Structure formats: C-alpha cells, structure tokens
Amino acid sequence: MKRKLSIGPKLYIVLMYAFFYLPILVTMVFSFNSSKSLTSFSGFSLRWYEKLVTDSNIIAAVYVSVSIALIATLVSTVLGTITAIGLSKSKKILKEWILNVNNMPIMNPEIVTAIGLMILFTSARMERGYITMLLAHIAFCTPYVIVSVYPKVRAMDHNLADVAMDLGATPYQALAKVILPMLKPGIFAGMLLAFTMSIDDFVISYFVTGNGVSNISIIVYNMTKRTNPTINALSTILILVVVIVLVLVEVIPRIVKRRRDHQVVMENAKSGFMKKTAIAAGAVVTIVIICFCIHNFMNINNKSVLRVYNSGEYVDTQLIERFEEENDCQIIYETFDSNESMYTKLQSGAEYDILVPSDYMIERLMKEKFLKKIDWTKITNRDKIIPKLLDNNFDKGNNYTVPYYWGTVGILYNKKKVSQKDLQQGWDILRNEKYKGKIYMYDSERDSFMIALKALGYSMNTHNKKELQEAYQWLMKQSETMDPVYVGDDVMDNMISGNKDMAVVYSGDGAYIISENENMGFMVPEQGSNVWTDGMVITKYCDNTDLAHKFIDFFLQEDVAIQNTEYIGYDSAVKSVYEYYRDEEYAGNPGCAPDTSNPKNEEFRYQEKEIKEYCAGLWTKVKSH
C-alpha cells in the first residue's frame with residue numbers, strides 16, 4: 001500500500017511567508033540594480049538612492065504623507081474617541097443610526113468616497129490641495145477609530161466614572177484618569193489603524209488633491225507609467241523604517257522589563273520620565289509639523305503662479321525648477337494617468353492654465369471651447385518645430401496646440417524568433433498561429449481597434465459601424481486563436497527580459513527596449529498606423545497668458561528639449577533634437593524613428609458619443625472573452 005505524501009504544517013508556513021515576503025525581498029534587491037530593468041540584475045549600484053534623495057518631488061511627497069498622516073491620526077483619534085463615549089450615553093435609535101452611518105464609508109468602495117468628497121469640495125468652491133486632502137483623510141479615518149474604541153466603551157463599567165466623581169474627582173479628572181485608561185487599548189488600535197489608512201491611501205488622495213500637492217502613493221503611481229527603479233529605492237527605505245519601528249517596539253519593552261527585575265524603583269522613575277519625554281517630544285514634533293504645514297501650504301507669496309497638468313513621468317522636473325528660477329515664478333505641477341482621467345478632473349471643476357493632452361483629446365477640448373488660442377508671436381522657437389507637426393487634422397493651423405512629443409505605434413519583435421518573411425504580413429502577423437501565446441497587445445481600446453481596422457484596410461477613425469463590427473470580429477478571432485496578453489507599461493520590462501516574441505508598443509518605448517536588449521527590432525506595418533501627437537495647450541482659465549507662452553516656448557529651446565528627451569525617451573517636436581536622436585539612437589533600428597511619409601498613417605480624431613459608446617461596448621466583449 002502506497003503511503004500518501006503530505007506536506008507538513010511547517011512547510012505550509014514557510015511557503016506562506018515566502019509568498020508574502022519574497023516580492024518584498026526582490027524589490028529590495030533590485031533597488032541596488034545598476035540598470036533600469038526591474039527583472040534583470042546587471043550590477044550593484046546606489047544610483048537610484050542618489051536620484052531619490054535629490055528628487056525634490058519625492059521629498060515633498062514624503063513630507064506631505066507623513067504630516068497629513070500625523071495630523072489626521074491625531075484629529076480622528078480625538079473625534080472618534082469622543083464620539084464612541086458619547087454613543088454609550090445616547091438613545092438606542094440614535095446610537096444604531098449613527099453606527100450605521102459610520103459603517104458606510106468603511107463598506108463603500110474607495111472610489112465612491114473619493115468622488116463624493118471631490119464633488120463636495122467642488123460644490124463648496126474649496127481650492128483643492130493640502131487642506132482638502134487633510135480633511136478627506138480625517139473624514140475616512142474617524143470611522144475606523146470609532147469602530148475600534150466603541151467595543152471597549154461598551155465593555156467598560158460606567159459606574160466607575162460616577163464613583164470617581166462621588167469621591168471628589170471633577171468630570172475632566174474622571175475622563176482622564178478613569179475612562180481613558182480603560183479605553184487605552186481601543187484608542188491605540190484606532191490610532192494605529194488611522195495612521196496606516198492615511199499613509200497608505202491613494203484613491204481618495206488622488207481625487208481630492210490639487211495645486212501640485214502629492215503624497216507618496218500618488219508619486220509612486222505616476223512612476224509606474226514608465227520603468228523607474230526609484231520606486232524600488234523608495235519602497236526599500238519605507239520597508240526598513242517599518243522593520244526598525246517593529247524591532248524597537250519588540251526590543252525596548254523587553255530591555256525595560258529585564259532592567260526592572262534588577263532595579264524596580266529606579267526603572268519606574270526612568271519609565272515615567274521616558275514616557276513623559278516621549279509625550280513631550282511627540283507634541284513638539286506635531287506642533288513643528290503643523291507649523292511647517294501652515295507655512296508651506298497656507299502662506300501666500302507674491303510670485304506669479306502657473307498651474308500645469310501633464311501626464312505622469314512626462315517632463316524632467318529639474319527643468320521646471322530652472323524655469324521658476326529664470327522667471328521668478330511658481331509652477332504648480334500635477335500629473336494624470338490618462339487623457340480620460342484628466343478630462344474627468346476638468347469636468348469636476350479643477351482649473352489649470354496649461355494642459356498636455358493627446359491629439360484626439362485636444363480636438364474634444366476645442367469643440368467644447370475649453371481652450372484659448374495660441375499667440376504664435378510669443379512663441380519665438382516656432383521655427384524649430386518639425387514642420388509636418390504644424391500641419392495636422394485635429395487642429396488645422398495649430399490655433400490651439402504647440403506640439404510637445406510625438407511618435408507611432410508598431411510591432412516590437414525578437415529578431416531571433418520572428419522571421420523577416422512573417423513580418424511582411426504587417427498587422428496580420430498578430431494572428432499568425434505560429435506565435436500563439438507569444439504576443440503582448442497594448443491594453444488600449446483605440447489602439448487595438450486601430451490595428452484591426454488597418455489590417456482590414458479601413459481608416460482608424462471610421463464611423464462606419466459595419467467596418468467597426470469587422471474590426472471587432474478580427475480582434476475576437478485573434479483572442480480565440482492567439483491567446484494574447486493585454487498589458488500596459490509593464491510591457492517594457494517584459495520585452496527586455498524576452499518573455500514574449502512580439503508586442504505592440506509605442507515607438508519611443510520600442511527604442512528604449514532595443515537599447516536594453518539588442519535582440520529586439522521594431523517595425524511599423526505598411527498598412528498604416530497611428531501617428532500620435534501630444535501638445536501643450538492653454539485653457540480658458542489662464543489669466544497670465546504671457547507666462548504660459550513663456551513656459552511653452554521654454555520647452556522648445558534646443559538645450560531644454562535635449563535634456564527633456566533624455567529623461568522621457570520619446571521623440572521631440574524640436575526638429576534638430578529629433579534628428580539627433582534619430583541618427584544616434586535609431587541608427588541600427590530606423591523603424592523606431594517615427595515619420596509621416598506613409599499616407600496610410602493617421603492621427604486619432606475625436607469620436608462622437610454614439611460611436612465612442614458603440615466601440616466601448618465592443619471592446620468590453622473582446623476583453624471579457
């Protein structure tokens with residue numbers, strides 16, 4: 001009789017801890033990687049830590065996160081504790097009603113709470129920034145404190161407070177010396193939970209912030225739009241801080257207890273002194289942080305202010321600091337993750353002076369009369385722009401748009417695994433069953449439909465539902481036969497590692513991947529592709545249009561464009577800079593250099609609501625399949 005193999009409980013525990021902590025260990029190891037790769041370790045380096053400590057945006061984000069977490073924890077703990085004590089003396093109906101209301105923000109999805117708070121602040125005409133983020137954190141932290149403290153209040157013998165007052169204690173003394181000590185475990189639990197929720201929050205913070213105020217989670221989210229190992233360095237430091245705190249929490253009480261066994265009286269005195277010192281130090285730190293907050297976020301200066309809203313990781317922020325110094329002004333810089341989320345925030349009432357959207361979104365903003373015309377007499381570097389980029393369909397005559405960066409969409413392929421003969425199939429190679437399970441598709445509705453429409457010989461801006469239906473069938477057939485994986489910006493690191501044979505990528509990303517993996521090549525099919533353009537536009541809310549034009553013109557300077565392009569990796573609208581990188585970086589892979597010579601290439605145009613909803617419905621079916 002065969003014996004059954006069984007895995008012992010110790011092995012289960014080891015596997016469980018490996019599952020939880022191995023990703024953390026990998027993150028820490030790759031924070032010392034000399035290259036940008038997040039999967040291939042090429043050598044030990046501290047370059048990402050150096051970049052971290054010199055990045056003023058990250059330092060400011062850490063400051064915002066910690067200060068808001070401390071203040072929100074303090075305020076929500078006081079409010080939650082008072083509310084929990086008050087509920088114990090309330091009538092049953094009122095008590096149950098308040099507890100049910102208190103549970104709503106806990107049970108609600110964060111996105112619902114975030115949008116609700118955003119609408120509230122907009123309706124109240126509050127300028128979004130540090131104060132609105134702080135109020136939002138207090139609002140969602142307080143219910144967690146109430147939930148932690150209230151069970152302790154219910155379990156408490158309420159007669160003790162009455163006895164204390166009968167013995168001569170004042171109500172305050174009864175609260176401070178009788179009630180609160182009994183509630184201490186619940187209060188501390190609520191306090192720690194509030195601090196954790198605050199410093200960890202992203203969704204609510206993202207929707208209620210403004211004026212360039214970002215916390216750690218928002219900064220990290222923006223970093224994920226491109227391969228940025230600084231995330232690993234930041235994560236490692238946060239992990240080490242947590243570990244050190246946990247070790248101190250465990251070790252110090254044991255040391256104190258051991259010493260108490262030898263010198264009880266002396267240690268009691270020291271303990272009391274340490275406790276008082278810790279309370280005093282905590283109070284001083286909190287007061288200092290609050291003063292800094294008031295100074296940095298409420299102090300009004302006389303400098304000219306320009307509010308810029310750009311995609312994440314789409315500018316070298318050192319250039320913004322340089323512009324501020326040269327023009328004695330303040331740039332309030334914020335980022336978005338997509339054109340659609342940018343539009344949503346604009347619709348909620350957020351106001352900016354300069355936006356950097358894509359072509360089809362620029363057309364939409366033009367139609368909705370959201371933009372001011374560009375005064376080209378103030379753009380002294382106009383003659384440096386690639387002429388073809390000033391001749392587009394989404395903004396005829398470039399009345400509203402100054403080109404920023406541009407590129408194409410194509411197929412990145414492994415030269416050792418994909419034959420040149422197969423590449424002649426163009427977009428149809430993505431349905432060649434020889435490469436089943438070996439393809440990354442870009443997780444984008446419009447880009448995916450562009451591929452199918454171009455493969456079928458149609459315009460990617462078609463409004464013909466019959467043609468869109470054919471494109472849908474093309475994508476469905478691909479999904480059924482090829483098992484493609486739909487990805488976002490993580491495609492870069494996956495292709496650097498050679499995880500698949502082909503991927504649909506933007507030309508700038510293709511150039512970066514090829515620079516890291518010489519086995520990769522890039523081509524734009526002759527059937528045509530999307531030639532996209534991101535542009536700088538001035539909104540109708542901009543009052544200081546002179547400064548706005550200076551800012552736009554600044555990024556067309558050759559030295560500025562070179563530095564910015566080195567940071568971003570896409571193709572500059574400045575002709576000399578584009579040609580330099582085309583000749584240098586694209587020498588062995590000319591397909592990565594975008595061009596507009598193919599008449600089948602197009603720009604995305606704005607979709608009317610009916611077509612947009614129709615395509616969205618078809619795309620949902622493709623993804624769900």
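Counting from 1, the numbers follow the sequence of the chain as shown. This structure is a prediction, so every number in the text was calculated from the model and none was measured.
Side-chain contact of S448 with Y486: a donor-acceptor pair under 3.5 Å is absent, judged by distance alone. Between the side chains of N215 and S217, at least one donor N or O lies within less than 3.5 Å of an accepting N or O. In this structure, a donor-acceptor pair under 3.5 Å is absent between the side chains of Y567 and T317. A donor and an acceptor atom, one from each side chain of N392 and E603, are nowhere located under 3.5 Å apart. Checking H137 against S76 by side-chain atom types alone, no donor-acceptor pair falls below 3.5 Å.
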* Just do the side-chain contact (heavy atoms from CB on, under 4.5 Å) check on E363 and D359 with the steps written out, would you? => CA-CA 6 Å; E363 186 176 6; D359 35 33; over 6 Å; no

* Assess whether side-chain contact (heavy atoms from CB on, under 4.5 Å) is satisfied between L240 and M28, documenting all intermediate values. => CA-CA 10 Å; L240 290 176; M28 297 178 73; 3.9 Å; yes

* Run the numbers on F336 and L346 for side-chain contact (heavy atoms from CB on, under 4.5 Å), then give the verdict. => CA-CA 11 Å; F336 54 84; L346 294 176; over 6 Å; no

* Criterion side-chain contact (heavy atoms from CB on, under 4.5 Å) on V402 and F555, from CA distance to verdict -> CA-CA 10 Å; V402 177; F555 281 92; over 6 Å; no

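Inter-residue side-chain proximity for Y360 and Q607 is flagged as unmet; no heavy-atom pair is nearer than 4.5 Å. The side-chain heavy atoms of T565 and Y405, taken from C-beta on, include a pair separated by under 4.5 Å. Side chains of F551 and D353 form no contact here, defined as non-hydrogen atoms less than 4.5 Å apart. In this structure the side chain of I513 reaches within 4.5 angstrom of the side chain of L412, judged on heavy atoms. Here the side chains of L52 and I237 are in contact, with some heavy-atom distance below 4.5 Å. Counting heavy atoms from C-beta on, the side chains of L306 and C329 never come closer than 4.5 Å. Residues Y314 and T335 fail the side-chain proximity criterion, which asks for heavy atoms closer than 4.5 Å. Contact annotation: the side chain of L355 approaches that of L365 to within less than 4.5 Å [non-hydrogen atoms, C-beta and beyond].
At least one donor-acceptor pair closer than 3.5 Å links the side chain of S67 to the backbone N or O of V64. With hydrogens and angles ignored, the 3.5 Å screen pairs a side-chain donor or acceptor of N564 with a backbone N or O of D316. Although no hydrogens or angles enter the test, the distance criterion places a donor-acceptor pair under 3.5 Å between the side chain of K372 and the main chain of C542. Formation of a donor-acceptor pair under 3.5 Å by the N461 side chain with backbone atoms of R605 is found in this model.
Sorted by first and then second residue, the pairs that involve residues 364-397 and meet ring-ring contact (aromatic ring centres under 6.0 Å, His included), not counting sequence neighbours, are F370-Y541. Applying the salt bridge (charged side-chain N to carboxylate O under 4.0 Å, His left out) definition to pairs two or more places apart or across chains, those involving residues 531-557 are K378-D546.
Summarising the local packing, CD of E127 is surrounded by 12 or fewer heavy atoms from other residues, nucleotides or ligands at distances under 6.0 Å. For E50, the CD atom sits in a loose shell: 12 or fewer heavy atoms of surrounding residues, nucleotides or ligands are nearer than 6.0 Å. Summarising the local packing, CD of E340 is surrounded by more than 12 heavy atoms from other residues, nucleotides or ligands at distances under 6.0 Å. Counting non-hydrogen atoms of other residues, nucleotides and ligands closer than 6.0 Å to CD of E368 gives a total above 12.
Of the candidates Y578, W532, Y570, Y506, Y578 is the only one forming a ring-ring contact (aromatic ring centres under 6.0 Å, His included) with W406. A side-chain hydrogen bond (donor to acceptor under 3.5 Å, both in side chains) with R322 is found for one member of E326, E324, Q318 and no other, namely E326.
Cation-pi geometry between K345 and Y352 is not met at under 6.0 angstrom from the ring centre and within 45 degrees of the axis.
Using a cutoff of 4.0 Å between basic side-chain nitrogens and carboxylate oxygens, E558 and K384 are not scored as salt-bridged.
Between F202 and Y221, the two ring planes are tilted [angle within 30° to 60°].
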